[in-house]
Amino acid sequence: MLVYIRESNVNEILSPVVPEDIPKHLQIYFEQERVLEEQRKIEMEGRRLYFIVKIVTAEKFKAHKGFDLANFDDRHYPLSKIYTYKILKSETYGVFKDKISRTFNIPSEQVRFWVFVNRQNRTIRPDAPIPEAYNNTSMEEIHARMTSRQNEMKLYMEVADKPVNSKEWFPAVPEANRIIVFLKYFDPDKQALEGLGHLYIRKFDKVGDITRILCEKKGFPPDTPLRIYEEIKPNMTEEMKLKSTFQQSEMQDGDIICFQRIQEHTMADRCYDIPNFYELLTLHIVVSFKPKLKDRDPKPEFDLVLNKKWIYNQIARAVATYLNTDPLKLRFTTAHSTTGTPKNVIKRTTTQTLSDMLQTAYLSPPTHVLFYEMLDISIVELETKKLIRVYWLGNTVKDEQVIDLRLPKNAIANDILGEILKNVIPSSPNPRIRLFAVHYNKIQKEYTGTEPIERIPEHVSLYAEETPQDEIHAEQNDRTIQVYHFTKDPIRVHGIPFKFVIKNGETLADTKVRLRHRLGMSEKDFSKVKIAIVHGTPYAKPEYLEDDDIILSEKKLSNEECLGLDHVDKTGRVGKVGGVEKAIFIRG
């Protein structure tokens, strides 16, 4: 046998790949990857050329209500949010200073910037001013020299109102006998702190020497008695002795002095001294509230600063104030720790605190989340009553009327039936109505009426029906059987199951007529329904009934066997299980 080998040009055999050869979903994926890669390159280039400078002004310090001089990393305090600038690393300090001075419309010579540093006690305080000798030094070099351990520069902008001498606007720093401190005033009536700017003090002056200055800054009479504290760190303040010097008090540049008036207070639920108020501040936490049913009922997302020790009612009042609603009509749900989706409804108690509620709400980045719902009824009523949605079906399975009931949680099944009769018009003055549980579109249990509604399983749906006349007047040899719907396979169930009387001696043709009326179907639609006996044995094939002359009562069906209706589901309710809290479907 001869084998012929032919030399070929690869380019003539394999055509180049063109965009039309690539599936649409891959084109979208590649384009998204290309955009992301471009963004990464831009960000990397930006980090190489620029860095962030954050500036605290006296105005921002005045509005700040917490520890230190400002919140550098917290977006939740808009009033005291510091100014942020993106600058070239190569920009000189002189250019930067002139640019910022023009932004605030202040002469450049009246501005001096102090560099913040992270202290070992977890505070962030101004440590030293940037020397004027650095005017021609790049900001990158200043950053490396003064704040090398930080990714950004944090600066306090000191503004001089008048020069200290004929040549200088600012006191010389460092100065062996002089330090800069920052002042805060605590107002017990407003339950708030107020930043009062900075003050230069001499180390060997006594603490009591500045009381007149402090009174002047708040407009108090000069002899107003004051308590003066040092804010050491978030969980520590220390009262300063008026007769001690600042050096004896171990004060240094950037320290914070907090003061208040000495006066009597009688209002309850208030902090009247600085140590207790600072302890309260340590309990503050920012919580993000999100609507639980955002798709169904759009509501805003928002953040609130709350107390970790607050209980349900206090949280509800704060949220209700923001939403302008009734606090008793709010319900909260925890967030899942990994997915951030709603998890467990929070019960209204007097022992569970906000801190307890948030134990499972830590996401990445760390965020404290609670979901909320605005209810139509009071949470008190929800706690004592159960919501029951009732579907009253008329004479056929197709008829439907929605009825929402609220029953005491200690009610029984007969109470459900009693409430139904108040909302519908039965066929007779003394109707017979039964209630039964359905799971996966099959009847599981019929209730006698004495069962507590709290014991009805959450995974079932409840149906009720006005007992049909042919069942009430059934003869001795008639029997009642369950009928349910499926499509091709008995496990592909759908629709509403019901009980049906198999009359003794009746042909299948006559049985079909009664079934069609019960279903409310036209002759055309019913002609597409196949009737089968479904055996109780798992995976047993249904026995289809095709001969209209069959006498169904002669089949001697067992209690486990059902009548199955094989047809396409047009309702979209395949495998329906339950509803809102408890869905109850009523047929009559």
Side-chain angles (χ1 to χ4, degrees), residues 41-61 64 68-73 81-120 123-182 195 197-203 252-255:
K41 288 181 180 178
I42 293 172
E43 289 173 1
M44 289 179 64
E45 183 67 11
R47 284 195 293 269
R48 188 177 68 84
L49 298 176
Y50 297 87
F51 71 97
I52 299 299
V53 175
K54 295 181 177 180
I55 297 177
V56 180
T57 63
E59 170 200 10
K60 292 300 180 182
F61 175 46
H64 179 55
D68 291 328
L69 272 64
N71 293 290
F72 287 100
D73 304 310
K81 188 175 182 180
I82 43 83
Y83 298 102
T84 303
Y85 300 93
K86 184 179 180 180
I87 68 167
L88 280 167
K89 293 181 177 180
S90 60
E91 188 174 288
T92 65
Y93 174 59
V95 172
F96 167 77
K97 182 181 174 184
D98 288 342
K99 188 187 299 182
I100 300 301
S101 298
R102 287 195 302 271
T103 301
F104 289 94
N105 197 26
I106 302 172
S108 178
E109 63 270 16
Q110 292 178 231
V111 173
R112 178 162 70 174
F113 288 102
W114 288 73
V115 176
F116 281 92
V117 296
N118 295 328
R119 293 183 176 178
Q120 291 183 346
T123 60
I124 305 175
R125 303 289 174 82
D127 181 66
I130 301 176
E132 290 300 314
Y134 283 8
N135 264 8
N136 295 323
T137 305
S138 71
M139 292 297 289
E140 180 179 26
E141 188 175 345
I142 294 174
H143 174 262
R145 291 181 184 180
M146 303 185 73
T147 57
S148 59
R149 295 184 180 180
Q150 301 178 31
N151 295 324
E152 59 191 15
M153 285 192 77
K154 303 180 182 74
L155 304 175
Y156 173 73
M157 188 169 77
E158 180 186 5
V159 179
D161 297 327
K162 57 184 180 181
V164 294
N165 54 50
S166 60
K167 295 182 179 180
E168 302 291 339
W169 281 90
F170 298 97
V173 175
E175 221 296 334
N177 189 39
R178 186 188 297 113
I179 58 176
I180 185 174
V181 295
F182 293 84
H198 63 270
L199 178 68
Y200 283 95
I201 59 175
R202 291 191 292 267
K203 290 183 178 180
Q252 65 185 64
D253 283 323
D255 281 349

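Just so you know, these numbers come straight off a predicted model, no measurement behind them.
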Chi angles and distances behind the side chain to side chain contact (heavy atoms under 4.5 Å, CB included) call for I179, K203: CA-CA 7 Å; I179 58 176; K203 290 183 178 180; 3.5 Å; yes

Evaluate M157 against F104 for side chain to side chain contact (heavy atoms under 4.5 Å, CB included), listing each step before the verdict. CA-CA 11 Å; M157 188 169 77; F104 289 94; 3.8 Å; yes

With rounding to the nearest 0.5 angstrom, report the CG to NZ distance, L49 to K86. 9.0 Å

Is there a side-chain contact between N71 and H64 (heavy atoms, below 4.5 Å)? yes

Could you check whether atom CG of N136 has more than 12 heavy atoms from other residues, nucleotides or ligands sitting under 6.0 Å from it? no

Hey, is the main chain of A70 close enough, under 3.5 Å, to the side chain of D68 for a donor-acceptor pair? no

Exercise: identify the closest heavy-atom pair between I82 and I55: CB-O, 3.5 Å

Answer yes or no: is there a donor N or O on one side and an acceptor on the other, between the side chain of K54 and the main chain of F72, under 3.5 Å? yes

OG1 of T57 to CD of E158: how many Å apart, nearest 0.5 Å? 13.0 Å

Between OG on residue S101 and CZ on residue F113, distance to nearest 0.5 Å: 6.0 Å

Listed by chain and number, what are the ring-ring contact (aromatic ring centres under 6.0 Å, His included) partners of Y93, not counting sequence neighbours? none

Calculate, to the nearest 0.5 Å, the distance between atoms CD and CG belonging to E91 and D98 respectively. 9.5 Å

Do I130 and M146 pass the side chain to side chain contact (heavy atoms under 4.5 Å, CB included) test, and can you show the C-alpha distance, the side-chain angles, and the key distance before you say yes or no? CA-CA 9 Å; I130 301 176; M146 303 185 73; 4.2 Å; yes

For F170 versus V164, what's the shortest heavy-atom pair and its separation? O-CG2, 3.5 Å

Would you sort out whether V115 and L155 count as a side chain to side chain contact (heavy atoms under 4.5 Å, CB included), showing the intermediate values? CA-CA 5 Å; V115 176; L155 304 175; 3.8 Å; yes

Between F96 and I142, is any pair of side-chain heavy atoms under 4.5 Å apart? no

Testing the basics here: between L69 and Y156, what is the closest heavy-atom pair and its distance to 0.1 Å? CD2-CD1, 4.1 Å

Between P126 and W114, which heavy-atom pair has the shortest distance, and what is it? CB-CB, 4.0 Å

What I'd like to find out is whether the side chain of V117 reaches to under 4.5 Å of the side chain of I124, using heavy atoms alone. no

Is the NZ or CZ atom of K60 positioned over Y83's six-membered ring, under 6.0 angstrom from the centre and within 45° of the axis? yes

On a heavy-atom basis, the closest approach of V181 and Q252 is CG1-O, 4.4 Å

E132 versus V111, closest heavy-atom pair with distance: OE2-O, 4.5 Å

Partner of E141 under side-chain contact (heavy atoms from CB on, under 4.5 Å), picked from H143, M139, R145, is R145

Carboxylate-amine/guanidinium proximity below 4.0 Å for E168 and R112: no

I'd like to check I87 versus Y50 (side-chain heavy atoms, cut-off strictly below 4.5 Å). Are they in contact? no

Just wondering, do K99 and Y85 contact through their side chains at under 4.5 Å, heavy atoms? no

What verdict does the salt bridge (Lys or Arg N to Asp or Glu O under 4.0 Å) test give for R119 and D255, after you've listed the backbone C-alpha separation in whole Å, the side-chain angles of each residue and the deciding distance to 0.1 Å? CA-CA 11 Å; R119 293 183 176 178; D255 281 349; 2.8 Å; yes

To the closest 0.5 Å, what do you measure between CG (N177) and CD1 (I201)? 10.0 Å

Say whether, by atom type as modelled, one donor and one acceptor occur between the side chain of E140 and the main chain of S90 under 3.5 angstrom. no

